[in-house]
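The structure appears below as structure tokens.
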Amino acid sequence: MKDLIDIRDLSPEDLQKLTDTALDIIARPEAYSHLCQGKKLATLFFEPSTRTRLSFEAAMYELGGQVLGFSQANSSSAAKGESVADTARVVECYADIIATRHPLEGAPLVAAINAKIPIINAGDGGHNHPTQTLADLLTIRRRKGRFGHLTIGLCGDLKYGRTVHSLIGAMSRYEGVKFVLISPEELRLPEYVRRDLEQGGIPYEENRDLEDAMPGLDVLYMTRVQRERFASMEEYERLKDSYILTVDKLKNAKPDMCILHPLPRVNEISVLVDSDPRACYFEQALNGKFMRMALILRLLGIPGEKPAQEVPTGEMVPGLRCWNHRCICQVEQELPQRFRRDREGAYRCLYCEALAETE
Ligand code: CP
């Protein structure tokens, strides 16, 4: 694996090893503090971030490496019209590894196809956020001691919640995992994630009522309703307060339930919940740094062999198109439309996973 674009690029064995490394970093930080000396991480953030960018940067510094990059699109040459592919090809002249966030779905994959150095998807639109999942997994492992046999409630914006899509991608591979999807009708899980669950025979149920679902949950994953992804502010205003977790709503929750949230939060978890011992979201942010350290080492092949170059490039299929207006292939006009087949043989866009349609 050269890059981390989708959490499913990592097998359960890979995830076990990465969490093992992160736990060793926590136990013996001095053993890791010089491993990236002479290496540079570029953080190319075309969308706002606090945790992901700063934890990547802290991770590289704590490994003895250095950091360069930008934190907003308008301070890069993207503002002058430079493509994602060209940006990646230029930055690989200056850095050894890139972590990038972009509002368009599939943009980090385009960077990975075009760059020789490892590319890490730090969030692509409402699609995926695999390194948040690494933070989630280490938190689950430290709190619950296992990945299997858990009932996981996902609550809030399941449509645009990229962290939800990646967490489902990771946790679906473990035996005994069941998902409870808690969202308004308008913010249900996208078709391609739902289809993956159905094709994999993964048990899930939908429940509009958080309090009704609460007693059965081992993990509750709250999410923010994402204003920046809505075309209509009216719709956002109508949906933004759909679920607010309060101390009172936790009264029927299991005593060892884990409350996760990728953060930032707006008001979907009352600050009074922060002092509940089940609240894990700030330790989750800290765990993200250790997992990003483990990931940087893995992708740079430190110590040991460098991973093989493997980027899925899909195939061109005459007569098929991706029509997802949030996909990078809709914006970067010279990007070839490419597809790959899912488990049932249906063609999906290589970049955003939307079902392909005829032209
Ligand atoms: N969880 C997360 O991605 O936070 P940031 O947007 O602050 O990076």
Side-chain angles (χ1 to χ4, degrees), residues 4-7 22 41-62 67 69-76 97-105 107-108 111 119-140 142-143 152 154-171 219-230 236 240 245 258-269 271 273-274 279-296 326:
L4 178 60
I5 301 301
D6 185 310
I7 195 68
L41 165 75
T43 52
L44 312 184
F45 276 58
F46 298 87
E47 218 187 40
S49 168
T50 295
R51 274 147 295 276
T52 310
R53 186 172 66 83
L54 296 183
S55 66
F56 262 119
E57 297 188 356
M60 195 52 163
Y61 285 127
E62 290 186 28
V67 174
F70 51 81
S71 59
Q72 42 189 356
N74 64 12
S75 65
S76 78
I97 184 166
I98 293 173
T100 185
R101 170 173 290 187
H102 201 286
L104 289 171
E105 298 175 17
I119 303 291
I120 301 170
N121 178 3
D124 62 325
H127 185 211
N128 283 325
H129 192 347
T131 67
Q132 178 60 49
T133 303
L134 297 181
D136 305 341
L137 290 175
L138 183 58
T139 311
I140 291 171
R142 295 181 84 184
R143 283 286 184 134
I152 302 171
L154 300 150
C155 178
D157 183 351
L158 309 190
K159 179 178 181 184
Y160 300 118
R162 57 192 175 195
T163 64
V164 167
H165 309 160
S166 292
L167 185 62
I168 289 176
M171 296 302 291
V219 174
L220 171 59
Y221 197 91
M222 294 295 295
T223 61
R224 172 178 69 96
V225 175
Q226 302 192 34
R227 188 179 45 162
E228 64 273 29
R229 312 262 177 241
F230 279 77
Y236 168 71
K240 70 184 170 64
L245 183 64
C258 219
I259 307 168
L260 300 178
H261 190 308
L263 303 178
R265 76 172 146 190
V266 181
N267 63 346
E268 59 281 359
I269 300 182
V271 291
V273 174
D274 297 358
C280 307
Y281 25 94
F282 290 107
E283 67 191 58
Q284 194 180 350
L286 176 61
N287 285 334
K289 182 186 71 173
F290 300 122
M291 287 302 278
R292 290 179 176 111
M293 290 172 79
L295 179 68
I296 290 168
R326 292 185 298 273

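From a predicted model like this one, the values you see are computed outputs, not experimental measurements. Residue indices begin at 1 and follow the sequence shown. Whatever order the structure lists ligands and atoms in, that order sets their numbers, starting from 1.
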For the residue pair [X] and [Y], confirm or rule out a side-chain donor-acceptor distance under 3.5 Å.
X	Y	value
Glu283	Asn287	no
Arg53	Thr43	no
His129	Arg101	yes

Original post:
Looking only at protein heavy atoms, which one is nearest to atom 4 (O) of ligand 1, and how far off is it?
Top reply: Arg51 NE, 3.0 Å
Original post:
What residue and heavy atom of the protein are closest to atom 6 (O) of ligand 1, and at what distance?
Top reply: Arg101 NH1, 2.9 Å
Original post:
Can you find an N/O atom of Ser49 closer than 3.5 Å to an N/O atom of ligand 1?
Top reply: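 Right, the criterion is met.
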Subject >> ligand 1 to Leu263 polar contact by distance, N or O atoms, under 3.5 Å >> reply: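 The answer is yes, given that Leu263 and ligand 1 share an N or O pair closer than 3.5 Å.
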Original post:
Any idea which of Ala135, Pro262, Ala122 brings a heavy atom closest to atom 1 (N) of ligand 1?
Top reply: Pro262
Original post:
Which value, rounded to the nearest 0.5 Å, describes the distance between Ile269 atom CD1 and Asp274 atom CG?
Top reply: 7.5 Å
Subject >> Close-contact set for ligand 1 against Thr52 heavy atoms, below 4.0 Å >> reply: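 Close to Thr52: 2 (C), 3 (O), 4 (O), 5 (P), 8 (O).
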**OP:** Using a 4.0 Å heavy-atom threshold (strictly under), name the region of Thr163 that reaches ligand 1: side chain, backbone, both or neither.
**Re:**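 Neither part.
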Subject >> Arg224 with Glu268: basic N within carboxylate O range, under 4.0 Å >> reply: no
